There are 2 protein chains.
Amino acid sequence: MKPTTPAAEDYLKTIYAHTEWQPDPITPRVLATRLGIAPSSVTEMVKKLAADGFIAHVPYGPLTLTPAGRIRATAVVRRHRLIETWLVRELGYTWDEVHDEAEVLEHAISDRLLEAIEAHLGHPTADPHGDPIPAADGSSERVPAVLLADAAPGHAGTVLRVSDRDPAVLRALAEAGIGPGSRLAVVDATTVRLPAGELHPLAAEAARAIWLTS
Amino acid sequence: MKPTTPAAEDYLKTIYAHTEWQPDPITPRVLATRLGIAPSSVTEMVKKLAADGFIAHVPYGPLTLTPAGRIRATAVVRRHRLIETWLVRELGYTWDEVHDEAEVLEHAISDRLLEAIEAHLGHPTADPHGDPIPAADGSSERVPAVLLADAAPGHAGTVLRVSDRDPAVLRALAEAGIGPGSRLAVVDATTVRLPAGELHPLAAEAARAIWLTS
DNA sequence: TGTAGGCTTTAGGCATGCCTCAATCTGACC
DNA sequence: GGTCAGATTGAGGCATGCCTAAAGCCTACA
Ligand SMILES: [Mn+2]
Ligand SMILES: [Mn+2]
Ligand SMILES: [Mn+2]
Ligand SMILES: [Mn+2]
């Protein structure tokens, strides 16, 4: 399989991540926005990734990963999440601080170091945000989940994951003691009830970051 | 101070390393050979590094670091050696395996992570090869040392450092139990006497890799 | 069914960091 | 002092990965 550059790996990872918790394939426009680059830059890289067999693309259509692309993408996701886990468990990072560091290191560590870190951590299956860490063969368990913002009032469940996209949301939730494993009941789109019974208000961004068991 | 790219950092580090154990400044030709690139590539990068104030260079002359260049170079060396130390002490690497990994990671970790690793290791002052780890301010202790290959027969001393350039040499020395801190007496250019009294033959490359107290 | 406006692609450009090949300089030796 | 080999520099080129501006496509809605 063709080697990939750090830039290409970020494209593949972002395409993969888009469909991880939601079915629609990603469009060039959305990919450009997520990566913080111009749409025309996506067009160019898509041409290369398609030529190398990592993505399938018909002009003006959405972007989907080929089997080879999925393998490469999950390998990058695996690195990212193991690095985040390592930073939190071994080096005193909080869950809102790890993302940028992992974004760089995921392209820099060798397979050898990745395996050493994984063994050192005891083969964790989820990162600090509750995201599943793919196994070395690319497989990962997918648990049915609902976005808190989309959950019906009255729905009660366990926090499965919290999107790591917005550090401010992560800090606010940590402050409230909410994280993967927390039990929550949905009161309305901006209020949850904690196990102790007290009501807790949530910013709209927080409600769109938390995924509960369905 | 201007930011530096990974490539520029490798140039600065290599220029610095050249004078660390020997006084003559490096020439473009030698720098190109060390970096494994063409001499004309060095000419180009030297122009940029000189324009940015990191090196001093008169055409056709040798390359020397400015104070700004020395600060940047020691920062990279500090990263490199702390990473090597961390790989050996925490993750089961041997001293012949760490160099390539550190060569990449030295450009990838944040200041935040560097400080966390350093604290986690207890602020070590030397890396697995005995090379001094510069402090955050760039300072480092320089101990007088002689290359084993240049030492007079009969000279006895402690191994201060072993060059990490050739992994095969490092493996052979580890096999013989020779490393920083070992006591050795020089018999001739290719033989040393160990503390137990036995003689040990050394390859010429090994004799040019070992530095003893003078 | 026509069209406006958004999405996608194309065209042309730029910075980085390499390369090869050719020209120029330097210093050691005759 | 002249010569010449090796070192250094210059010229031109290429891959990567971004950009802006302009052109082309597509579709939802009038
Ligand atoms: Mn990344
Ligand atoms: Mn995460
Ligand atoms: Mn390096
Ligand atoms: Mn070292």
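Just so we're clear, the structure is a prediction, and the values are computed from it rather than from any experiment. In what follows, every heavy atom counts, from backbone to side chain, and hydrogens, waters and symmetry copies are set aside.
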What residues 29-44 of chain B contributes to the DNA chain D interface at heavy-atom separation below 4.0 Å is R29(B), P39(B), S40(B), T43(B)

Whole-Å distance, M45(B) CE to dC19(C) C1', equals 14 Å

(request) Step through the shown structure and confirm whether more than 12 heavy atoms of other residues, nucleotides or ligands are within 6.0 Å of CD on Q22(A). (result) yes

- Side chains of T14(B) and R34(B): do they bring a donor and an acceptor to under 3.5 Å? no

| Can you list the steps and then say if V162(A) with W95(A) is a side-chain contact (heavy atoms from CB on, under 4.5 Å)? | CA-CA 10 Å; V162(A) 180; W95(A) 73 340; 4.0 Å; yes

Min and max contacting nt of DNA chain D in 5' to 3' order, chain B heavy atoms within under 4.0 angstrom, are dA7(D) to dG10(D)

Checklist entry - Judged by atom type as modelled, is there a donor-acceptor pair below 3.5 Å linking the side chain of R78(A) to the main-chain atoms of P134(A)? => result yes

**Study point:** Note: D166(A)-R171(A) ion pair, threshold 4.0 Å (strictly below)
**Key:** no

Can you tell me if the side-chain N/O atoms of Y60(A) get under 4.0 Å from OP1 or OP2 in dG6(C)?
no

Result for side-chain contact (heavy atoms from CB on, under 4.5 Å) between E84(A) and one of H99(A), E106(A), E103(A) points to H99(A)

### Message
Quiz question: by atom type and distance under 3.5 Å, do the side chains of H80(A) and D127(A) form a donor-acceptor pair?
### Response
no

Can you find a side chain N or O atom of K47(A) that sits less than 4.0 Å from OP1 or OP2 on dT9(C)? no

Counting only N and O atoms by type, is there a donor-acceptor contact under 3.5 Å from the side chain of R89(B) to the main-chain atoms of P128(B)? no

